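Since the structure is predicted, the reported quantities are computational estimates derived from the model, not experimental observations. By convention in this document, chain letters (A, B, ...) are assigned in the order of the sequence lines, proteins followed by strands, and residues within each chain are numbered from 1.
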There are 2 protein chains.
Amino acid sequence: MKITAIEKYGLRCLLVLAKVGPDTQLSISEIAVKEGLSVPYTSKLLSILRKAGLVQAERGRGGGFNITRKAADITLFDVLTALGGPLVEPHHCSRYTGNLKECIHIDRCSVHDVLDSLADYVQQFLTDTTLEDILKENKTVYLKKDDYKLILTRAGVENKLTG
Amino acid sequence: MKITAIEKYGLRCLLVLAKVGPDTQLSISEIAVKEGLSVPYTSKLLSILRKAGLVQAERGRGGGFNITRKAADITLFDVLTALGGPLVEPHHCSRYTGNLKECIHIDRCSVHDVLDSLADYVQQFLTDTTLEDILKENKTVYLKKDDYKLILTRAGVENKLTG
DNA sequence: ATAATACTTTACTTTTTTGTAAGGATTTTA
DNA sequence: TAAAATCCTTACAAAAAAGTAAAGTATTAT
């Protein structure tokens with residue numbers, strides 16, 4: 001489980017466009033220079049972002065790319081999903097079947113369950129974090145399990161929260 | 001950002017050993033059959049787990065693998081780190097430098113900052129989840145941001161918690 | 001001792017991902 | 001209408017990851 005190169009570089013390219021806002025266009029080569037990437041590679045990354053609807057392109061002389069929404073309206077989840085797909089494949093158990101036709105745990109897969117929980121958990125962070133947060137270096141504060149237990153106890157709130 | 005095949009299959013092999021406990025040995029071929037994997041591949045996965053100290057091997061007739069600690073004492077973080085390394089490379093910015101010698105954002109990299117935060121956040125889930133939790137299908141409940149904000153407000157607790 | 005069992009290591013092949021190259025299509029400007 | 005600028009598409013090359021194969025080493029039972 002790693003952040004891939006395409007995810008990181010793609011995010012960086014999009015942040016360049018987020019910084020200048022939806023009303024400003026930049027060309028591929030401008031973005032490439034800003035990020036220290038090759039023009040063809042930058043082109044590929046922007047193409048992925050365009051197909052996901054995060055940026056728009058205009059061709060011809062004077063053309064370029066602009067971000068389609070403002071930074072506060074794009075989450076890290078939107079970006080990473082566009083660039084790298086979901087953390088857990090939707091049909092994970094039918095894809096990773098080892099040597100067999102079907103996953104040997106197809107009936108009840110505790111591994112798949114826990115990975116799905118992890119994916120949900122990660123998604124919460126990603127959807128809570130917008131490009132604006134990244135540009136402004138806002139850090140979202142998450143509560144550690146022990147902290148909230150303590151607070152709930154102190155506050156006399158019963159600890160029966162849904163996940 | 002994806003769970004890799006090695007991470008998933010490696011976890012499954014370790015769970016087989018976790019289920020029978022530290023005092024029971026199973027051979028590679030027994031594990032391979034249980035998980036529907038090839039013997040050589042299973043062998044490779046167990047070798048990785050052994051080098052990480054999560055399982056022990058005994059050679060020769062009657063040999064096999066056993067888990068070194070009981071399920072409650074091994075976390076998902078231990079397992080996934082052994083099989084796939086860290087989510088964010090420690091020297092991420094010096095590795096992903098595009099075409100340049102150094103990352104163009106080396107002085108102050110907001111992307112790296114947010115990815116580090118994500119890694120910390122993920123690590124919390126992974127260290128909170130043990131192999132026993134997976135075997136028993138315990139689900140750890142995490143509080144959503146909006147939920148705890150509401151509770152804190154109701155309880156009159158000031159919302160200044162450290163991450 | 002020797003054969004059988006079972007792990008270990010190294011190297012190789014296949015597949016996937018990353019990154020590049022080249023020609024094509026579109027728009028603007030003169 | 002032609003040239004210049006710019007994005008678009010497809011195919012290819014290189015690198016990394018996944019998975020296999022084969023020969024080696026250690027242990028036990030006979």
Output the rounded distance in Å from CE (Met1(B)) to P (dT17(C)). 16 Å
Enumerate the residues from residues 46-56 of chain B whose closest heavy atom to DNA chain C is under 4.0 Å, giving them by residue number; use none for an empty result. Arg50(B)
Report the C-alpha distance between Asp78(A) and Thr75(A) in whole Å, list the side-chain angles of each, state the deciding distance to 0.1 Å, and finish with yes or no for side-chain hydrogen bond (donor to acceptor under 3.5 Å, both in side chains). CA-CA 5 Å; Asp78(A) 300 330; Thr75(A) 70; 3.2 Å; yes
Check the angle between the aromatic planes of Tyr121(B) and Phe125(A) and answer parallel, tilted or perpendicular using the 30° and 60° thresholds. tilted
In degrees rounded to 10°, what angle is found between the helical axes fit to the five outermost pairs at each end of the helix from dA1(C)-dT30(D) to dA30(C)-dT1(D)? 0°
Please determine, by modelled atom types, if Asp113(B) and Ser110(B) share a side-chain donor-acceptor pair under 3.5 angstrom. no
Pull out every residue in residues 25-36 of chain A that has a heavy atom closer than 4.0 Å to any atom of DNA chain C, ordered by number, or say none. none
How long is the span from the CG atom in Leu126(B) to the CG atom in Leu118(A), to the nearest 0.5 Å? 5.5 Å
With sequence neighbours excluded, give me every ring pair (Phe, Tyr, Trp, His ring centres under 6.0 Å) pair touching residues 61-81 of chain A. none
Choose from dT20(D), dT8(C), dG19(D) the nucleotide whose nearest atom is closest to any side-chain atom of Ser38(B). dT20(D)
Only distances under 3.5 Å count here; give the side-chain donor-acceptor pairs of residues 21-35 of chain A to other protein atoms, sequence neighbours excluded, each with its distance to 0.1 Å.
unit_1   : atom_1 : unit_2    : atom_2 : d
Thr24(A) : OG1    : Val20(A)  : O      : 3.2
Gln25(A) : NE2    : Glu58(A)  : OE1    : 2.8
Ser27(A) : OG     : Ser29(A)  : OG     : 3.3
Ser27(A) : OG     : Glu30(A)  : N      : 3.2
Ser27(A) : OG     : Glu30(A)  : OE1    : 3.4
Glu30(A) : OE1    : Ser27(A)  : N      : 2.7
Glu35(A) : OE1    : Arg12(A)  : NE     : 2.6
Glu35(A) : OE1    : Arg12(A)  : NH2    : 3.1
Glu35(A) : OE1    : His105(B) : NE2    : 2.8
Glu35(A) : OE2    : His105(B) : NE2    : 3.0

Atom pairs, N/O to N/O, protein against nucleotides 24-30 of chain D, distance under 3.5 Å?
unit_1  : atom_1 : unit_2   : atom_2 : d
dT25(D) : O2     : Arg59(B) : NH1    : 3.3
dT27(D) : O2     : Arg61(B) : N      : 3.4

